[in-house]
Each structure stands twice: as C-alpha cells, then as structure tokens.
Number of protein chains: 2
Amino acid sequence: MSELSKKQQIVSASDLLFYNQGYAATSFADIAEAVQISRGNFYYHFKSKDSILDAVISLRLANSHKLLRDWESHSPAATERIGCFINRLLVKQTDIIRYGCPVATLNTELAKLNHPAKTTASMLSTVFRTWLRRQFCLLGEKSSADLLAMHLLSRSQGAATIANTFGEQKLLQQEVQLMHDWLYTYIKFPAENTATPSLA
Amino acid sequence: MSELSKKQQIVSASDLLFYNQGYAATSFADIAEAVQISRGNFYYHFKSKDSILDAVISLRLANSHKLLRDWESHSPAATERIGCFINRLLVKQTDIIRYGCPVATLNTELAKLNHPAKTTASMLSTVFRTWLRRQFCLLGEKSSADLLAMHLLSRSQGAATIANTFGEQKLLQQEVQLMHDWLYTYIKFPAENTATPSLA
DNA sequence: AGCTATATAAGACATTTGTCCTATCGCTAA
DNA sequence: TTAGCGATAGGACAAATGTCTTATATAGCT
C-alpha cells in the first residue's frame, strides 16, 4: 500500500489533471489511469465528478492556507511577505507558462460552465485577497488595503495570463520586476498615498 | 433568407457560444439550435469542429482590426487611442464580468487542450500587442515600447480576470481608473522613463 | 416543364462520457 | 477455518458527441 489513501490519491491526481487539462476535459478514464484503478470503481470513493471537484477545491484551499502560513512564519515584515506573493510567479513560472494560473483558470472555466462549484472556487481567490489586504493593513493602509490587495492580485493574474498566451518567460519576469518596483515605491512614500493611493 | 449567409450565421453564433460557454463545452447541437439547422448538416459548410474554430478566430481577427482602425480614425493622438483600449473594459464590462476576456479565455482554454489552433488564437493577442507598441512608439518610446505595450495588456487582462472571478463591477472600474492614471503619469513625465521606464 | 447545382433534413455510426450494479478479492476478527 | 467487511474489477447502461451518408427540397437556368 502507498502512503496516501486511494481517496487522497484520486484527489491529488485530479488536482493536477484539472490544472493541466481543465475540469471538463478531464474524464474519469484519465484519472483512473493516473491512479491505476478501474473506471467504474470511482463511486465507491466519490458519488459524482462534482464531488471530486469539491474535494480538489478543498485541497487547494488547504494548500493555499499552508502557503500563506509559511510566508508569515518565514517573513516577519509585511513588505517581505507581499514580496513572497509576487515571487510565487517566478517559482511556478514553468507551470504558469504552460497552464496559466491554477486559481484563475479554474475560476474562468467554472464561470463559463456556470458550474455550481464556481462560488466555492472563487474562495481560492478570496483567500489571497484577504491575506494581502491584511498585509497592507499592517503597513498602515487601512482605508485602501482592499484596493491595494486587488490591484496586486489583478496584476499577478494579468502577468500569468500573458505569459501563458505568449509563452515568453521574459514577460513574466518583467512584470514581476515591475510589481516589486511598485511595492518598493509604495512603501517608500506611504504618506503620499493615504488620501488617494497613487498606484500608477 | 436572412442577410447573412448560413455559413456566416454559423460562424457568428459559434463566436458567441465559444465565448459564453467555452469551445469544448459548445456542441454541434448547441450551434445547430442557435442557427436553426439540423445537426448532421454541418459538414456541408465545415468539414470539422476545428474548422469552425478557425473561422471564428478569423472573424475575431477581422473584428479586432476593424476596432483598432476605428480608434485610429476617431483619435488622432496616440494617448487618446491607448485610452480607448483601456476603456474597452468598461464598454464590455457586463460581458467581461460574466464571461471574462474573450481573447484570454480562448487562449487559456486552447493551451490546456493543447489544441492545434492555439498558435493562431494567440495572434489575437499579438494584434493588440503590436498595435499598442506602435502607439507607444508614436509617443517617442521606441526602446521600451514593447515592454509598455505588454504591461498594459497584462494589466487589462488581470482586471478582466478578477472582475470575472469576483463579479464586482467596482473592481473593474477601479483598475481602469488606475490604468488611466498610469498612462497620464507616464505621458506627463516621459523624460524620466526613457532610461528605465518607471511603470510602477 | 425539366434539369442541375446548391442547400437542408434525417438518421446511422462508433466512440466516449458519467453513472450505476454486481461479483469477487483480500484482509481481519472470532 | 470461517464469517464479515472494506476495497476493487469489470462490465452494463443511457445519453451525448463528432462524423459521415443518403435522401429530399429548393432555386435558377434552359
């Protein structure tokens, strides 16, 4: 027996396949082959394909929380933590160029399918939004923390999108640099930004 | 008979359905119902589903070129033209919130499917990239025109993505405002940006 | 009217899909 | 050893999909 239970194996294999191929394009046959079980046997572990999706979203939520906790424990300063968020694009650059941002692509796919789980899936984005907002709060930007969080989230997702579209590593690296510059500039002159945050 | 040929009707109906539901999730049955023909009859007009996709991409390319020509003829100044590009997000905000950016979502879907047409589809983004680059060239930024173009493209796609994810109109409007601010700031101090463009 | 080319309908076809059922395997506890 | 139960295999099933074939309708021309 392997270390993970078969159910966990199914979830993590589906996690990867949903990211690489998309949810709708991933069939039970694909997952069955990946975890080496017969196709008809899924319904012992999961009652439907949708319930696998739910499990995958739960797994991703847990992984996201773990990631954020890691950043918090490794970086005492909020600025540095936000830097970790930006650098995530570089750490995952190979995957991002090939498959895009895992959070964004799942959200857009489920939105188009009008899938019941789309609300739950958007929680994946909300987790980062909330976390970033808290970091900006720690920097003293209470009134515009959410705006700043969304701005950074927006830019990171845009960078992932164009990197995926054009397949150019350099584009991703350029945008990451610009986000760091923006953060640095912002931290440097917090006084100017309290009234109307000049994110430009 | 209607004004458009049946073949054109199929293409424009597919264009809309591919945007609203995604390419893979749109079946011949869906298109057949939309244009009121029988399902088995497609192969008189198109030899495969992929060839419909090719036709849709061609249509979108033509529409994009037309859009860019319109902006050029209505706005003599390059700054104003770039402003038109940014405002496109507001003009299409209802659709964008529901279905995301038509260009980006098609690209990411085809990338995941590893579809043969993904290269052709990325031309849709390239058209805007090239056009924006030319506008920045007209502003005297020859050396960093492509970087500026990609930066703006990235931010617009990011804004579309988060608007689609969170379904919040305000987010889109905020990001649009920030892009205008960025453009304004950039135009105001072109001298500072010639060496190292401070997009932050 | 009759002929021809274009256009459309209707359905067959194999394949794949998600779902569900049943039989069997292998382990553990009595 | 045997009974019981969790786990798995294998296949049945209807529905849907892309594809292809054949027959019919329609319009224009002679």
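Throughout, protein chains are lettered first and strands after them, A, B, ... in sequence-line order, and every chain is numbered starting at 1.
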Any residue meeting side chain to side chain donor-acceptor pair (under 3.5 Å) with Thr108(A), in chain and number order, not counting sequence neighbours: none
Counting only side-chain N and O atoms of Tyr43(A), is one of them less than 4.0 Å from OP1 or OP2 of dC20(C)? no
Distance, rounded to the nearest Å, where Ile31(A) contributes CD1 and dG18(C) contributes C1': 11 Å
Please identify each residue that fulfils side chain to side chain donor-acceptor pair (under 3.5 Å) with Asp15(B), with sequence neighbours left out. Arg60(B)
Among residues 108-121 of chain A, which ones have heavy-atom contacts with DNA chain C below 4.0 Å? none
Which residue pairs satisfy the ring-ring contact (aromatic ring centres under 6.0 Å, His included) criterion with at least one member in residues 93-114 of chain B, sequence neighbours excluded? Tyr19(B)-Tyr99(B)
DNA chain D contacts among residues 44-56 of chain B, heavy-atom distance under 4.0 Å: Ser48(B), Lys49(B)
Residues in side-chain contact (heavy atoms from CB on, under 4.5 Å) with Ala111(A), at least two apart? Asn164(B)
Nearest whole Å is fine: how far is dC13(C) C1' from Phe42(B) CZ? 18 Å
In whole Å, I'd like the distance from the NZ atom of Lys7(B) to the P atom of dT8(C). 12 Å
Suppose the criterion is salt bridge (charged side-chain N to carboxylate O under 4.0 Å, His left out): which pairs have a residue in residues 75-98 of chain A, not counting sequence neighbours? none
List the residues meeting side-chain contact (heavy atoms from CB on, under 4.5 Å) with Asn63(A), not counting sequence neighbours, and say none if there are none. Leu59(A)
Decide if the gap between the ring center of Trp131(B) and the ring center of His65(B) is smaller than 6.0 angstrom. no
If you pin Asp30(A) and Asn41(A) to their nearest nucleotides in DNA chain C, which one's is more 5'? Asp30(A)
Contact nearer the 5' end of DNA chain D, comparing Gln36(A) with Ala29(B): Gln36(A)
If you only use heavy atoms from C-beta on, which nucleotide in dT19(C), dT8(D), dG18(D) is closest to the side chain of Ser27(B)? dG18(D)
Integer-rounded Å distance: dA12(D) P and Phe28(A) CZ: 20 Å
Ignoring hydrogens and angles, answer whether the base of dG18(D) and the side-chain atoms of Arg39(B) contain a donor-acceptor pair closer than 3.5 Å. yes
Solution key, residues 28-46 of chain B side-chain donor-acceptor pairs under 3.5 Å, sequence neighbours excluded:
from, atom 1, to, atom 2, distance (Å)
Asp30(B), OD2, Ser27(B), N, 3.1
Asp30(B), OD2, Ser27(B), OG, 3.4

Distance-only side-chain donor-acceptor flag, Asn107(A) / Ser125(A), under 3.5 Å: yes
Check side chain to side chain donor-acceptor pair (under 3.5 Å) between Ser156(A) and all other residues, then give those that pass, not counting sequence neighbours. none
Mind checking what makes side chain to side chain donor-acceptor pair (under 3.5 Å) contact with Arg129(A), not counting sequence neighbours? Asp146(A), Glu168(B)
Which residues within residues 12-22 of chain B lie with some heavy atom under 4.0 Å of an atom in DNA chain D? none
